[in-house]
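Chain naming here is simple, since letters A, B, ... match the order of the sequence lines and numbering starts at 1 in each. Here the structure is a predicted model, which means the values were calculated and not measured.
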Amino acid sequence: MSLDTVKHANETPDIDQPWAELGLKQDEYERIRAILGRRPTGAELAMYSVMWSEHCSYKSSKVHLRQFGEKAPENDALLVGIGENAGVVDVGQGYAVTFKVESHNHPSYIEPYQGAATGIGGIVRDILAMGARPVAVMDPLRFGAADHPDTKRVLPGVVAGIGGYGNCLGLPNIGGEVVFDSCYQGNPLVNALCIGVMKHEDIHLAKASGAGNKVILYGARTGGDGIGGVSVLASETFDSTGPAKRPAVQVGDPFQEKLLIECTLEIFREDLVDGIQDLGGAGLSCATSELASAGSGGMRVELDTVPLRDSSLSPEEILMSESQERMCAVVEPGKVDRFMEICEKWDVIATVIGEVTDGERLEIFWHGEQIVDVPPRTVAHEGPVYERPYARPDWQDALQADDAAKLARPATAEELRAQVLKVIASPNQASKSWITDQYDRFVQGNTVLAQPEDSGMVRIDEDTNLGVAVATDGNGRYAKLDPYAGAQLALAESYRNVAASGARPLAISNCLNFGSPEDPAVMWQFAEATRGLADGCLELGTPVTGGNVSLYNQTGETAIHPTPVVAVLGVIDDVDRRTPIAFSEPGHLLYLLGDTKEELGGSAWSQVIHEHLGGLPPAVDLGREKLLAEILIAASRDGMVDAAHDLSDGGLIQALAESCLRGGNGARIVVPDGMDAFVLLFSESAGRAVVAVPRSEELRFGDMCGARGLPAIRIGVVDGEEIDVQGQFTLPLAELREAHEATIPALLA
Amino acid sequence: MARVVVDVMLKPEILDPQGQAVQRALPRLGFEGIADVRQGKRFELEVEGPVDEAALARIHEMAETFLANTVIEDFTVRVES
Amino acid sequence: MARVVVDVMLKPEILDPQGQAVQRALPRLGFEGIADVRQGKRFELEVEGPVDEAALARIHEMAETFLANTVIEDFTVRVES
Amino acid sequence: MTARVGVVTFPGTLDDRDTQRAVRIAGLDPVPLWHRDKDLKQVDAVVLPGGFSYGDYLRAGAISRFSPVMESVIEQARGGMPVLGICNGFQVLTETHLLPGAMLRNNHLHFICREQRLRVENAATAWTSDYEAGQEISIPLKNIDGRYVADERTLDKLEAEGRVVFRYLDGNPNGSLRDIAGITNAAGNVVGLMPHPEHAVEPLIGTGRTDGLGFFTSILKKLVNA
Ligand SMILES: Nc1ncnc2c1ncn2[C@@H]1O[C@H](COP(=O)(O)OP(=O)(O)O)[C@@H](O)[C@H]1O
Ligand SMILES: [Mg+2]
């Protein structure tokens, strides 16, 4: 086929174009024609189609995401907010931290290893593009039923891919989640988070300014893999037959990315770039249009200068290719030579592919002929926006009415004991060390806390011991019962986890995993969840710094549970003050903080014992969460607690089991007067934590809780080699450990 | 017992970082004149019983569904003489 | 351009857990009658110029010093027809 | 007076900065060495740190072995300079044949990251003199190609000459023959091991133990007393 130039497009207005195959709707195609005043060229059509895909344009979610800005709490810590590659937060001492969570769900189902690996690669480049050194990753994961044969294909591949890529980059993996639920069968969720650290003055933005500045593409050569991959793949449902044309999945090269990181950091150190952007979904289409759109002036690109892995690629394919491990920088002419030298030092290929112009258009040429001439904002930032219809599903009332309170409870102490063991051994509650032991958590030598602690914590300054902590949480079962509350519970849990380890929560990122936006019921879940999250962030004072939306996670008519995953970032002035979860000293007193109510809707107990999902999730009280967090942080700072563990799915007994096993000590528990042992152990009331208090601190700690009005009940003591719930049952640690640790290896090894 | 070999290679359009790393190292080691290197996997299967068409068809299926992920890889099956 | 293939396999006395893992999985997937599986590497080299004896000798040396570690691996070199 | 310890960075090396920190904490001067430079900058000892040099493509350590810096390291190691290879560094040392044997994929095929107990079998090397023979230490292990193999004759020779420096305790994590975690050359100046002493030098970080510090204090004593 001959080259479709702008000139040719002007001359042949009526040619049929494959807009539908590229995922555009009729009215979208018409809009492109209206913007351009002519039909788009093939290259322009390629750019618009990937950039206007759901994945890149957020066309269904945008109207709801706006609340994150509109309801943003006053917060001095936010240095860069939503809209950039990732948000940036001031953590003091001149340091800034950037973090973001992103999804790679669809590719990971098709090719688990590479899909997950390139998910890590992509989020790391986002963080790098902000000017930061990536310092840690986390991986919130959801899979189908643990015993489903396909889980045996998907999970080991995903875990090996995350490890294979992250370990090779030298990024400690300090936390994440592993959840099994048959709702994710065929739609596993592979979310990846990266944290980066920089000095305030090192912040970089994705914009191209200064006419005459050079546009440099550096990193891997561009190949034919993953053309339109992520964007198209993540923008429609595929059923068991698969989409007609399965776009290829990309293969990642973590070694190349490691070089890209070191090379880019050296370039930053010498202050050689004006603007920088990573190449992710939509590849060069995205990078060039976003850089040009965010900057002043236009951009001119000679596409035939792009280094290729496959010389037969067409310009359209080059624009759409999602080949990994590439970055695009805007560099003043006088700094180009030095830029190139540093790239050469790191064996990174770098090519000047164009320059910033004083015009207003993004112009792309192919062997001297113009194939793109567009206003960049219309590609990158002014895509279509949909007000998708949404409606509370008609089954929601019945679901909520199906109260978990009516489920049969254990009648005897033996039955209670058996249920405790069963819940603790269930795939969701069992130890995940078979998975997390495949991740390097030590590299970089700054890891203070890592899984299975409540949050991952890294030191960011060796001299002052300044550190940051991050936790990610999301409970799809709660969100299914009530998406508004479910999103707030995800936020609350993550916030609580950060506070439990002694860090002060500052800001959040999120990944919103939902079904098809074309289903009004799903859209309602999405609207409710975003509203809940925005309201929650306002109340807790933690702004949303960025995130990601993954839609179309469904097979046929069946969507996944709405799954908002929330990542909270906290700061701790002295990591020496961190609070671990381990009960490490016999004799320490155990306090249960917060109120325990009879709340079993969506609980681990209801799932494991009754395979039940119904009723309402635990009530949200963000005021209480704040108070609890303040107490936990103060207790950590002033050395009043030796251990703290947040209570969430599985309730008190789960937390006790984990803290006992981690510390190698048992606990004697007394059921407080007037409380039912079953409710005490299994309720999932929010706003709670268990802490271990040295006897010498008991008075001080009790006074603090009393003075501030936080319920704190003494429930026992760290002691012995078993969990002894007095008057009920005893569970030797050895038996508990076997139950907790054997499950996952038995399913997967 | 007969030996059947299944070779699995990344599709030509897919990045092959391993092959590239080898290729880039060759000149440094003094080996010139290699224009491209691709690295793949070789499976040697020892087959019980006769390697007739039915057996080969099964091995083909095994390669397609298990030994290779045809989203990114091609494979060939052959009886080793 | 001619293609030369170098196959690298672990020596028979060296444990090959990858091959074993494949073999163990086969019955579960419904494939019977495979007595043994070994997994190795296949390198496809695109050679510029003629593949004469001198070229093959060089590739042989490359395989011996670089592509294979002869402490643990055996290799074969052949021109692909 | 202190001594200069070179820490090599190959493309894909990960633990170079951590190793420099460990060297510094022990009271030595870390000197970064770059893979393309033959010049060892007059260091008194060299550490080849962990990571995935050249992506560990082909075989772990196979490509790095041919780098310019290794030419010098090999030459100086033969001349008696102390060299420590940690993880990927150990793999490089076997590929260069400064140490016998080879490293293969773990027998369970997974990357493994855990705290690993070891027994120091030989406390007479340049890098282990601050330990006692038979001492048990616990430091992080993290690798996917950690299975040490060599033929029986080589293994017997290593044992006979006391050149097995570390052995895994509490379960062999990767299928290494005879539970070997680390070995030395005949002269005792070149030591390689899979676990990571440089990640166990600060009480607050990682495992919370400092069992790895002895490697670096050993070499300090050797170099400064020499
Ligand atoms: N759920 C969300 N919450 C807040 N911000 C979001 C969310 N989803 C996307 N964003 C923001 O929208 C912008 C565009 O996202 P995206 O296209 O995924 O960025 P990138 O291409 O750099 O990964 C980013 O700033 C991102 O942080
Ligand atoms: Mg980005």
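Counting heavy atoms from C-beta outward, R309(A) and Q20(B) have side chains that approach closer than 4.5 Å. The shortest side-chain heavy-atom distance between P17(B) and V251(A) falls under the 4.5 Å cut-off. By the 4.5 Å heavy-atom criterion applied to side chains, E325(A) and L15(B) are counted as neighbours.
In this structure, the separation between CG on L10(B) and CD on Q114(A) is 8.0 Å, given to the nearest 0.5 Å. Atom CD of E13(B) is separated from atom OG of S321(A) by 11.0 Å, given to the nearest 0.5 angstrom.
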